[in-house]
Amino acid sequence: MKVWIEIDQCTGAGLCEMLEERVFALGEDGLSRVRQDGRVLPPGPAGKAEIADSYADRVREASRACPGDCIRFEIESPADGVRDRRK
Ligand code: SF4
């Protein structure tokens, strides 16, 4: 699955990192980023992380809870194409 942050809307509250620190991390500017293979990606288009689908429930939960409404994700399956997304 792909996960990214619309950083312009991020309030920096850090709820995402509290819910799933293996996927989300606050940057030095206090705004959220996503991790891929343990590495924190830069903000912007380059910051789309490809992560295991096993994180889907936690990412959905963080996306619903995010006060800035800025956590985006896309889950694809080879057979069905995109099967869940929040854009
Ligand atoms: S929960 Fe949303 S608003 Fe808060 S730091 Fe994470 S991405 Fe930003």
Side-chain angles (χ1 to χ4, degrees):
M1 70 182 292
K2 292 189 179 87
V3 183
W4 67 101
I5 307 288
E6 294 291 342
I7 201 160
D8 292 350
Q9 299 168 229
C10 180
T11 67
L15 189 58
C16 52
E17 187 181 42
M18 281 190 278
L19 288 170
E20 186 45 83
E21 64 184 7
R22 292 169 295 180
V23 175
F24 302 102
L26 292 186
E28 289 181 4
D29 57 4
L31 301 177
S32 184
R33 310 281 195 275
V34 287
R35 296 180 191 269
Q36 180 172 299
D37 302 323
R39 190 169 54 94
V40 178
L41 301 183
K48 268 189 189 183
E50 186 74 50
I51 63 169
D53 286 356
S54 56
Y55 291 114
D57 287 346
R58 301 294 281 167
V59 170
R60 281 191 194 98
E61 182 183 354
S63 183
R64 279 193 299 266
C66 170
D69 191 26
C70 49
I71 297 174
R72 303 290 185 261
F73 63 85
E74 194 171 84
I75 304 169
E76 293 181 8
S77 87
D80 307 318
V82 175
R83 61 184 162 92
D84 193 10
R85 68 160 49 119
R86 177 165 185 148
K87 284 191 167 182

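Atoms within each ligand, like the ligands themselves, are counted from 1 in listed order.
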- Query: Going by an N to O cut-off under 4.0 Å, is there a salt bridge joining Arg64 and Glu61?
  - Reply: no
For Gly14, the atoms of ligand 1 under 4.0 Å from one of its heavy atoms are 4 (Fe), 5 (S)
When distances are taken from atom 2 (Fe) of ligand 1, the protein heavy atom at minimum range is Cys66 SG, 2.3 Å
Ligand 1 atoms nearer than 4.0 angstrom to some heavy atom of Ala13 are 4 (Fe), 5 (S)
So the atoms of ligand 1 within less than 4.0 Å of a heavy atom of Cys70 turn out to be 2 (Fe), 3 (S), 7 (S), 8 (Fe)
In this structure, atom 8 (Fe) of ligand 1 is nearest to the protein heavy atom Cys10 SG, 2.3 Å
So CG of Leu15 and CD1 of Ile71: to nearest 0.5 Å the spacing works out to 7.5 Å
Measure from the side-chain N and O atoms of Arg35 to the backbone N and O of Glu21, and report whether any donor-acceptor pair falls under 3.5 Å. yes
The closest protein heavy-atom partner of atom 6 (Fe) of ligand 1 is Cys16 SG, 2.3 Å
Donor-acceptor under 3.5 Å (Glu6 side chain, Asp8 main chain)
no
- Query: Do Arg33 and Pro43 have side-chain heavy atoms sitting under 4.5 Å apart?
  - Reply: yes
